[in-house]
Number of protein chains: 2
Amino acid sequence: MDVKTVCLGMLTDGAASGYDLKKQFESTFGHFFSAGYGSIYPALSSLAADGLVDCEEIPQDGKPDRKLYRITEAGRGQLITALDKPDPSHKVRSEFLATMWFAHLMTGEQIRAVLSNRLEEIARYLEMFEQLEQEESADTPAGTRFVCGCGKTVMQALQDYIESHGHELTDDTNVRLSAAN
Amino acid sequence: MDVKTVCLGMLTDGAASGYDLKKQFESTFGHFFSAGYGSIYPALSSLAADGLVDCEEIPQDGKPDRKLYRITEAGRGQLITALDKPDPSHKVRSEFLATMWFAHLMTGEQIRAVLSNRLEEIARYLEMFEQLEQEESADTPAGTRFVCGCGKTVMQALQDYIESHGHELTDDTNVRLSAAN
DNA sequence: ACTCACATGTAAAGAGTTACATGATTTT
DNA sequence: AAAATCATGTAACTCTTTACATGTGAGT
């Protein structure tokens with residue numbers, strides 16, 4: 001599943017512009033799938049060229065025309081086909097964990113900085129999840145609840161782990177540093 | 001931090017070949033940083049060209065010469081510089097979660113297949129973590145323990161969440177399907 | 001007989017990120 | 001006065017993935 005397919009899926013929620021989709025990539029999708037304008041705009045153009053979405057141009061003054069995209073029947077069919085894969089990937093690419101793997105080559109100060117920055121980002125995500133939960137209503141799709149629930153659970157587990165085991169990294173480094181001096 | 005830097009870091013553990021590094025990418029690093037031969041071999045060549053690693057060619061019969069790489073002092077310096085970033089990224093790209101977001105467009109059968117495949121992969125990782133824990137000794141670096149601990153904790157949280165909330169996805173779909181028929 | 005492990009590498013293709021280019025309106 | 005929001009898009013660059021290319025030896 002690429003950016004094109006995710007955009008197509010987002011449009012099942014209603015018509016939207018590339019700018020609108022970007023906001024969704026930053027908020028709700030942010031913790032598991034990111035995309036920038038450089039992927040989104042070409043994706044929408046390509047979907048339109050394939051007849052999977054329709055585009056309505058809405059003139060505006062002072063800004064470029066707003067392009068409102070709507071999924072077509074063909075697009076819906078294509079999306080349902082794309083969703084029919086029994087083993088979708090789930091990939092993590094973490095410079096954070098790679099860095100921590102080599103913690104013995106760092107100073108305690110460096111490690112603490114990395115850890116505290118990570119905790120800050122986790123806290124930002126957790127705040128977002130809590131806000132999303134408050135906005136939830138009876139017609140919030142089960143998929144949305146599930147994915148946000150996964151995100152919240154995983155972030156909390158990570159937060160707990162860093163808070164309870166992070167010190168082991170700096171303790172060890174300090175031992176090594178004092179032994180070396 | 002790219003594949004080159006991670007390879008450099010792996011070599012602080014002792015000399016290794018590209019083939020050896022690949023095995024480490026598949027096992028211990030597998031859950032947070034992956035790389036194939038197509039990235040590893042060019043990375044090692046490039047590191048050697050920059051004098052960050054030395055290469056010793058060991059003739060073998062029937063197989064290509066084994067190329068044993070060792071990190072140099074320059075390489076160690078470069079690695080320590082690369083590690084000095086206070087905010088390393090931690091990115092997830094999950095087709096799995098994207099698929100589940102759109103669960104209302106899928107059948108209960110499709111959803112159950114996706115969920116059970118995900119649980120199987122999680123179980124494989126958890127088995128690996130347990131085996132690694134048994135192999136741990138007093139001189140296992142703190143970084144290794146920490147990263148594996150993170151992985152195990154997060155995987156368990158995800159497993160628990162899927163097991164306790166997965167049915168909400170299929171329940172909802174069944175309601176929708178029977179309402180539609 | 002077949003498959004797995006060992007062992008290296010290249011080349012093309014695919015995908016995404018970053019930087020650039022432009023510019024009005026609203027909020028701080 | 002500065003920064004953020006709205007709004008679109010391209011082009012170059014970086015990086016990874018996949019497919020190809022080759023071949024032995026050991027285990028099942």
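Order of the sequence lines fixes the chain letters, A, B, ..., with proteins taken first and strands second; residue numbering starts at 1 for each chain.
- Rounded to whole Å, the distance from CD on Glu57(B) to C1' on dA7(C) is 12 Å.
- A salt bridge is absent between Glu95(B) and Lys85(A): the closest approach of a Lys/Arg side-chain nitrogen to an acidic carboxylate oxygen does not fall below 4.0 angstrom.
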List the atom pairs, with distances to 0.1 Å, where a side-chain N or O of residues 154-161 of chain B and a protein N or O form a donor-acceptor pair under 3.5 Å, not counting sequence neighbours.
none

Next item on the list: Can you check each nucleotide of nucleotides 4-11 of chain D against protein heavy atoms at under 4.0 Å and return B for base, S for sugar-phosphate only, - for none, in 5' to 3' order?
Entry: -SBBBBB-
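- Between the C1' atom of dT10(C) and the CD1 atom of Ile40(B) lies a distance of 15 Å, rounded to the nearest Å.
- dT17(C) atom P lies 12 Å from atom CG of Asp2(A), rounded to whole Å.
- Leu44(B) has its CG atom 16 Å from the C1' atom of dT16(D), to the nearest Å.
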Compile the donor-acceptor pairs under 3.5 Å between side chains in residues 33-40 of chain B and protein atoms, sequence neighbours left out, one pair per line.
none

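- When the P atom of dT17(C) is taken as reference, atom NZ of Lys22(A) falls 10 Å away, rounded to whole Å.
- Counting to the nearest Å, the P atom of dA7(C) and the CD atom of Glu26(B) are 14 Å from each other.
- In this structure, the NZ atom of Lys91(B) is 9 Å from the C1' atom of dG16(C), given to the nearest Å.
- Taking the screw axis at each terminus of the helix from dA1(C)-dT28(D) to dT28(C)-dA1(D) from five consecutive base pairs, the angle between the two is 50° to within rounding of 10 degrees.
- Residues Met106(B) and Asp84(A) fail the side-chain proximity criterion, which asks for heavy atoms closer than 4.5 Å.
- An OP1 or OP2 oxygen of dG16(C) is reached within less than 4.0 angstrom by no side-chain nitrogen or oxygen of Ser34(A).
- Scanning for side-chain contact (heavy atoms from CB on, under 4.5 Å) contacts around Asp13(B) gives an empty result, with sequence neighbours left out.
- A sub-4.0 Å separation between OP1 or OP2 of dT16(D) and a side-chain N or O of Arg93(A) is present.
- Under the rule for a side-chain hydrogen bond (donor to acceptor under 3.5 Å, both in side chains), Arg124(A) has no partner lying at least two apart in sequence or in another chain.
- Taking atom CD of residue Glu95(A) and atom P of nucleotide dT14(D), one finds them 16 Å apart after rounding to whole Å.
- With sequence neighbours excluded, the residues satisfying side-chain hydrogen bond (donor to acceptor under 3.5 Å, both in side chains) with Asp2(A) are Thr5(A).
- Residues satisfying the salt bridge (Lys or Arg N to Asp or Glu O under 4.0 Å) criterion with Lys67(B), sequence neighbours excluded, are absent altogether.
- Under the ring-ring contact (aromatic ring centres under 6.0 Å, His included) criterion, no residue pair touches residues 70-93 of chain A, with sequence neighbours excluded.
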